Amino acid sequence: MAKVSMTVNGKAVTGDVEPRTLLVQFLRENLRLTGTHVGCDTSQCGACVVHIDGIAAKSCTTLAVQCEGQSITTIEGLASPDGKLHPMQEAFRENHGLQCGYCTPGMIMAALDIVRRNGNSLDEHTIREQLDGNICRCTGYHNIVKAIEAGARAMAK
Amino acid sequence: MTANGIGAPVRRKEDFRFITGQGQYTDDVVRPGETRAVFVRSPHAHAKIKKIDVAAAKKMPGVVDVLTGAQLATDKVGNLICGWMIHSKDGSPMKMAPHPALAASTVNHVGDAVAVVIAETTAQGKDAAEKVVVDYEVLPAVVDPAKAQAKGAPQIHADVPNNTIYQWHLGDQKAVEAAFKAAKHVTKLDIVNNRLVPNAMEPRAALADYDAGNDSLTLWNTSQNPHVARLVISAFVGIAPEHKLRVIAPDVGGGFGSKIFIYPEEVVCLWAARKVKRPVKWTSERSEAFLTDAHGRDHITRAELALDSNGKILALRAKTIANLGAYMSTFSSSVPTYLYATLLSGQYDIPQIYCEVDAVYTNTVPVDAYRGAGRPEATFVVERLVEVAARQLGLDPTDLRKRNFIKNFPHQTPVIMAYDAGDYNASLKKAIELADVKNFGKRKRESARHGKLRGIGYSTYIEACGIAPSQAVGSLGAGVGLWESAEVRVNPTGSVEVLTGTHAHGQGHETTFAQLVSERLGIPFESVSIVHGDTDKVQFGMGTYGSRSGAVGMSAIVKALDKIEAKAKKVAGFMMEASENDIEFKDGKFTVKGTDKSVGFGDVALNAYIAHKFTGAELEPGLKETSFYDPTNFTFPAGCHICEVEIDQETGKTEIANWVAVDDFGTVINPMIVEGQVHGGIAQGVGQALLEGAVYDANGQLVTGSLMDYTMPRAHDLPSFHVGLTETKSPSNPLGIKGCGEAGAIAAPAAVINAITDALGTEDIAMPATANAVWQAMQKHPPKAA
């Protein structure tokens, strides 16, 4: 077993894990943060996207021990402590950017990274190209694209 | 209409938990002392199991037990079943081969489970599964449905000669032959409806918990229909009697049909939980899902259309081979028969139709309903035939359609269905306007200037939804009734819970059903909760598939609300000392006719429970009503989708330049949700047409066995869609709803392929029309310059 410590959603956490434990397993099973999902086993679907030191990463392809000392943000850590939703969360609800909800946490975390890299004024083409690492089977992406465009704009306010 | 009532684009109640990571999917549920199940699966498509040695696996760290098919048989766990009886044209019943949850003697597809390791962790289970030694005698496999019935083909199941499950037909063969003889023109097409993998984003999962004190079992399961799962697992598999088995389908991450069925894994988890006396959880990995989730489509069809000299359709005939895979999945038999051939009339007045279907076993994953289920296959046959016929006759494809549209309702087709309402011209006309068809020529010339080919394709589809009138489907072989149930519980404080037998896995029932209740009872939308997916809470239900939840599920709620209103009027009558016949109910208020005396809904609810204003002899206290609603007919959503494509001649890549969908779903409760359903359906249909295809090699290995190999549509593969509505109400249910969940997937493939073939000038292209396939087609049939 290996000892690992990191910050998750602003809180210091530690755990004893098998070295092969993936970050997503550590989050879901050790910390019971089940908002981060596993949709595939080939790093294709993006349901597991979290932020590691502010940058989007697929937690299904990251070992927990690789994150020693790093700061992780998951979907559970986005809203303000007072419960106010992040503008990107709000935009997904307002634009019906989700149906079954399974890909949604990864979509929102990836969307924030698209904004980080491309700014708050996003065109449809950019959003569609940048969403390459996330699969949704329900929405046909139409409303996800709208949500990200609106969420990005709202974040600038 | 109230602000949150019928017709309002209300934002969804369920979204808060999903956007904050608080959804509760099956894998998120944890039971104390829970173990993990890891399955040992066949690497061969067809083999005899000579011996299984689990001794080494049992000694591995963290292993609780290792169980095999032989033990399952010893414990007399029953086989999985197909619940829809189909008879062949000679009257013989379909040949359903045994489907044990763990194979004991023979494996019949790659991924067939032979043993299960129960371990403390998944990682330990996987390590131990590696140590299970299975001695196989590999047998020759048959994977191509076209070859399954051939002389000398490997025989998969004993007592199923030629791997033929049934040879079914529908329609008047002689009349069709006569019509073809008299026809001026005949259009013929050979069609392969490609095999698809559903790939709901949440992989299937099951968690079984045994309560030894009460000898009862609870199963958390990724199910679209938990009551049906409980019924089948009790009555046929025999794991536990119905009253000792609770099935909970919590949040479910998409289904598209694939989570209707009763699968081996949930049976094994239940069986194992009782054996090891600890909770047992299994969560599929994606690659495992490719090998075990029921696939969709997989038809090979020869189709012909007979027309007279005026372009009037005289008859249609089709001969289809349907691949059902290695075992008959839960509803597999109905998909290529009563969900397929009954829709071969499309939107057209076709006097005669004849369809023959041979269903065959192959050494592949079972095939069952996938979004649309039979109706996309029928639509593809009809809409390709009509488009090609128009081209051959030199007619505008919309003109040929208009000449043949059904215009008078009700309309009895020659293939069972009686269409009750529709206006096919209206949706075509609106779609043509939205798609700016009149300027297509200009756009085509513009594309040509950039060296690209442009094409336009139509799909005027119809589907039968609102599944289904129980007596009708019973006469066609269904093993169950397809009504729906609802219970409306009004609480003493006036808030309301609705318990529904439907199940939402993305459709937003918690919102739309609450809109209905809010409007009907005049209470705030926020005061209504929808409860579903738990057999201990909901009295019974048939679940969600076949676009049935609105048309059937909400109709059951309407019936229960009728009873609530009737009883509440009695309570109000006692409260205001008036006859119940003099009470009017409107906007949440009960008023004595012709007076200003009134009481609010909340007051009536409270009085129903405190029961101070009436005696028990006069009225039972309480305000809770139930209903079982059985529809009187199917519903017939229909519409027109127009796809415009641009093809790069250098690469063969097809880009969807524009998509217009105009659908008639009858009454729309929440247009935002309905549009979302259309978007998602189109995406799956475009996926089938351009990208997706399950490929097996000749030995039965699934070549497209992961998301690295099987192309799912991504955001950059699709455009934004232009969605419009027309409306003719369904006369077959109280709300006039037709259903919207499958329309996009049904309409889209034909629209895409009609557009691509229009651009290329050849009909010689199969799905998926990948860049490679299109490029090959262009080499074979060089396109003419525009």
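Below, chains carry the letters A, B, ... as their sequence lines are ordered, and counting in each starts from 1. Predicted model only: the values in this text are computed from it and were never measured.
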Less than 4.5 Å to any heavy atom of chain A: does that hold for the side chain of [X], its backbone, both, or neither?
X: B/Val252; result: backbone
X: B/Gln507; result: neither
X: B/Ile682; result: neither
X: B/Asp717; result: neither
X: B/Gln22; result: neither
X: B/Ser287; result: both
X: B/Ala123; result: both

Count the heavy-atom pairs under 4.5 Å between each of B/Glu675, B/Glu285, B/Arg17, B/His679 and chain A, then report the option with the highest count.
B/His679
Specify which of B/Ser284, B/Ala683, B/Gly21 makes the most heavy-atom pairs with chain A at under 4.5 Å.
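So the answer, after comparing B/Ser284, B/Ala683, B/Gly21, is B/Gly21.
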Can you measure from [atom1] ([X]) to [atom2] ([Y]) and round to the nearest 0.5 angstrom?
X: B/Ser706; Y: A/Gln44; atom1: OG; atom2: CD; answer: 7.0 Å
X: B/His716; Y: A/Leu131; atom1: NE2; atom2: CG; answer: 9.0 Å
X: B/Phe16; Y: A/Leu85; atom1: CZ; atom2: CG; answer: 5.5 Å
X: B/Asp15; Y: A/Thr104; atom1: CG; atom2: OG1; answer: 8.0 Å

Please state whether the rings of B/Phe721 and A/His142 are parallel, tilted or perpendicular, taking 30° and 60° as the class boundaries.
parallel
Salt-bridge present (B/Glu692, A/Arg137; N to O < 4.0 Å):
yes
Hey, is B/Asp28 close enough to A/Arg32 for a salt bridge, meaning N to O under 4.0 Å?
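Salt bridge: no.
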Checking side-chain contact (heavy atoms from CB on, under 4.5 Å) between B/Ile19 and each of A/Met88, A/Gln89, A/His86, A/Glu90, which is the one that passes?
A/Gln89
A/Arg28 versus chain B, the contacting section by heavy-atom distance below 4.5 Å:
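For A/Arg28, the side chain is the part near chain B, not the backbone.
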Mark yes or no for whether A/Tyr141, through its side chain, and B/Pro713, through its backbone, hold a donor-acceptor pair below 3.5 Å.
yes
By side-chain contact (heavy atoms from CB on, under 4.5 Å) - contacts of B/Ala119 (at least two apart)
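Listed in chain order: B/Val117, B/Gln124.
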Residue from A/Glu76, A/Glu129, A/Glu94, A/Glu29 scoring the most non-hydrogen pairs under 4.5 Å with chain B is A/Glu94
Residue among A/Thr36, A/Asn143, A/Asp132 with most heavy-atom pairs under 4.5 Å to chain B:
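Highest number of pairs under 4.5 Å: A/Asp132.
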Within a strict 4.5 Å, meaning less than it, do heavy atoms of the A/Asp41 and B/Arg286 side chains meet?
yes
